[in-house]
Amino acid sequence: MGNSKSGSLSKEILEELQLNTKYKEEELCAWYQSFLKECPSGRITKQEFESIYSKFFPDADPKAYAQHVFRSFDTNSDGTLDFKEYIIALHMTTAGKTNQKLEWAFSLYDIDGNGAISKNEVLEIIMAIFKMIHPDDLKHLPEDENTPEKRAEKIWSFFGKKDDDKLTEKEFIEGTLANKEILRLIQYEPQKVKEKLKNKKL
């Protein structure tokens with residue numbers, strides 16, 4: 001990251017990002033300029049990330065979810081996101097292949113990073129998701145998934161797990177690929193956010 005202060009992206013990082021994502025050089029350079037404008041230090045702190053995230057959810061409380069998302073993006077656990085982590089995360093969660101997205105989803109749910117997911121970890125993420133659901137939308141949720149507890153229970157039973165069982169990454173990915181219902185239950189992408197991303201109106 002030696003020349004990040006100069007406002008141009010280093011050749012090594014540019015090449016690595018082109019290799020690992022679908023983005024073109026012009027896109028990456030343009031994003032880097034706006035990244036530096038938002039974060040002159042070249043790094044996003046957890047607080048800055050939360051504030052970026054909250055713009056997506058003006059009527060809700062995305063703080064808990066944003067913290068989990070930040071943790072899953074902060075691959076070197078230094079408490080900040082550099083441009084590379086930010087772009088790879090952006091790619092993985094929006095343009096990545098299904099398997100990449102599920103690997104990321106696993107890391108989101110594996111809160112303690114021990115390589116397996118417990119039912120309590122599922123509940124913690126689902127509780128964070130519920131804080132972002134608008135009260136009007138909550139009313140339309142099916143009876144068996146209209147509370148975090150019910151939804152976590154439903155996810156867990158789809159995987160055929162007992163309360164104190166653990167879920168490996170392989171089981172998580174295979175189970176979710178085999179059952180579209182699980183995919184719907186573990187994620188939260190409100191229509192408004194999808195539209196904003198589509199129109200690039202952040």
Side-chain angles (χ1 to χ4, degrees), residues 1-58 60 62-63 65-110 113 125 128-129 132 169-170 172-174 176-177 180 182-184 186-202:
M1 290 297 294
N3 59 357
S4 66
K5 293 282 185 291
S6 71
S8 66
L9 199 48
S10 81
K11 195 164 179 283
E12 295 84 348
I13 289 177
L14 192 55
E15 282 169 2
E16 191 181 338
L17 288 174
Q18 284 178 281
L19 205 63
N20 290 308
T21 71
K22 296 177 179 175
Y23 305 130
K24 296 183 180 69
E25 184 175 343
E26 304 79 66
E27 285 180 293
L28 290 165
C29 291
W31 270 337
Y32 188 62
Q33 292 310 316
S34 60
F35 182 84
L36 281 184
K37 216 175 284 178
E38 289 283 322
C39 312
S41 68
R43 295 186 165 273
I44 298 178
T45 65
K46 193 190 280 186
Q47 287 71 23
E48 286 168 330
F49 186 78
E50 283 169 21
S51 103
I52 291 166
Y53 221 84
S54 64
K55 289 175 189 165
F56 282 120
F57 303 97
K63 189 175 175 188
Y65 190 70
Q67 285 172 353
H68 287 300
V69 172
F70 183 90
R71 168 187 48 77
S72 69
F73 288 171
D74 182 13
T75 49
N76 63 357
S77 306
D78 68 352
T80 64
L81 298 184
D82 61 22
F83 183 69
K84 191 170 85 174
E85 288 172 320
Y86 178 72
I87 290 296
I88 286 176
L90 185 73
H91 175 263
M92 212 163 38
T93 54
T94 57
K97 295 184 178 75
T98 305
N99 263 44
Q100 286 180 306
K101 288 181 181 177
L102 291 178
E103 282 168 16
W104 170 72
F106 181 85
S107 72
L108 178 71
Y109 277 83
D110 182 14
I125 299 293
I129 287 174
M132 299 190 297
E169 184 175 29
K170 187 172 184 283
F172 178 82
I173 291 174
E174 285 174 0
T176 309
L177 286 173
K180 291 278 185 283
I182 296 177
L183 190 59
R184 180 181 65 77
I186 62 168
Q187 60 187 0
Y188 177 59
E189 289 181 28
Q191 207 49 45
K192 271 192 280 187
V193 175
K194 281 185 179 169
E195 284 162 15
K196 275 185 188 171
L197 281 172
K198 212 162 66 183
N199 303 326
K200 294 276 192 294
K201 286 180 184 159
L202 299 186

(message) Parallel, tilted or perpendicular: which one describes the rings of Phe83 and Tyr86, with boundaries at 30° and 60°?
(response) tilted

(message) For Tyr23 and Trp31, I'd like to know if the aromatic rings sit close, meaning centre-to-centre distance below 6.0 Å.
(response) yes

(message) Testing the basics here: between Leu108 and Arg71, what is the closest heavy-atom pair and its distance to 0.1 Å?
(response) O-NH2, 2.6 Å

(request) Enter the distance from Phe172:CZ to Asp110:CG here, rounded to the nearest 0.5 Å. (result) 10.0 Å

(request) To the nearest 0.5 angstrom, please state how far the NZ atom of Lys84 sits from the CD atom of Glu12. (result) 10.5 Å

(request) Quick one: pull up CG in Asp74 and OG in Ser107 and give me the separation to the nearest 0.5 Å. (result) 11.0 Å

(request) Provide the closest heavy-atom pair for Glu85 versus Thr80 in the form atom of the first, atom of the second, distance. (result) OE1-O, 3.2 Å

(request) Looking only at non-hydrogen atoms, find the nearest pair between Phe49 and Leu81 and report the distance. (result) CD1-CD1, 4.0 Å

(message) Within the 4.5 Å heavy-atom criterion, are Phe70 and Thr45 side-chain neighbours or not?
(response) no

(request) Give the minimum heavy-atom separation between Ile87 and Thr21, together with the two atoms involved. (result) CG2-CG2, 4.2 Å

(request) Hey, could you give me the CD/OG distance between Glu16 and Ser10, rounded to the nearest 0.5 Å? (result) 9.0 Å

(request) Measure the spacing between CZ of Arg43 and CG of Asp78 and express it to the nearest 0.5 Å. (result) 5.0 Å

(request) For Asn99 and Leu177, run side-chain contact (heavy atoms from CB on, under 4.5 Å): C-alpha distance rounded to whole Å, both residues' side-chain angles, the deciding distance at 0.1 Å, then the answer. (result) CA-CA 8 Å; Asn99 263 44; Leu177 286 173; 3.5 Å; yes

(request) May I have the step-by-step check of side-chain contact (heavy atoms from CB on, under 4.5 Å) for Phe35 and Ile44, ending in yes or no? (result) CA-CA 9 Å; Phe35 182 84; Ile44 298 178; 3.4 Å; yes

(message) Strictly below 4.0 Å, N to O, side chains only: are Lys11 and Glu15 in salt-bridge contact?
(response) yes

(request) Please name the pair of heavy atoms, one in Tyr65 and one in Ala128, separated by the smallest distance, quoted to 0.1 Å. (result) N-CB, 3.7 Å

(request) Apply side-chain contact (heavy atoms from CB on, under 4.5 Å) to the pair Asn20 and His91, showing each step before the final yes or no. (result) CA-CA 9 Å; Asn20 290 308; His91 175 263; over 6 Å; no

(message) Can you tell me how far apart NZ (Lys101) and CD1 (Ile173) are? Round to the nearest 0.5 Å.
(response) 13.5 Å

(request) For residues Ile129 and Tyr109, report the shortest heavy-atom separation together with the two atoms involved. (result) CD1-OH, 3.9 Å

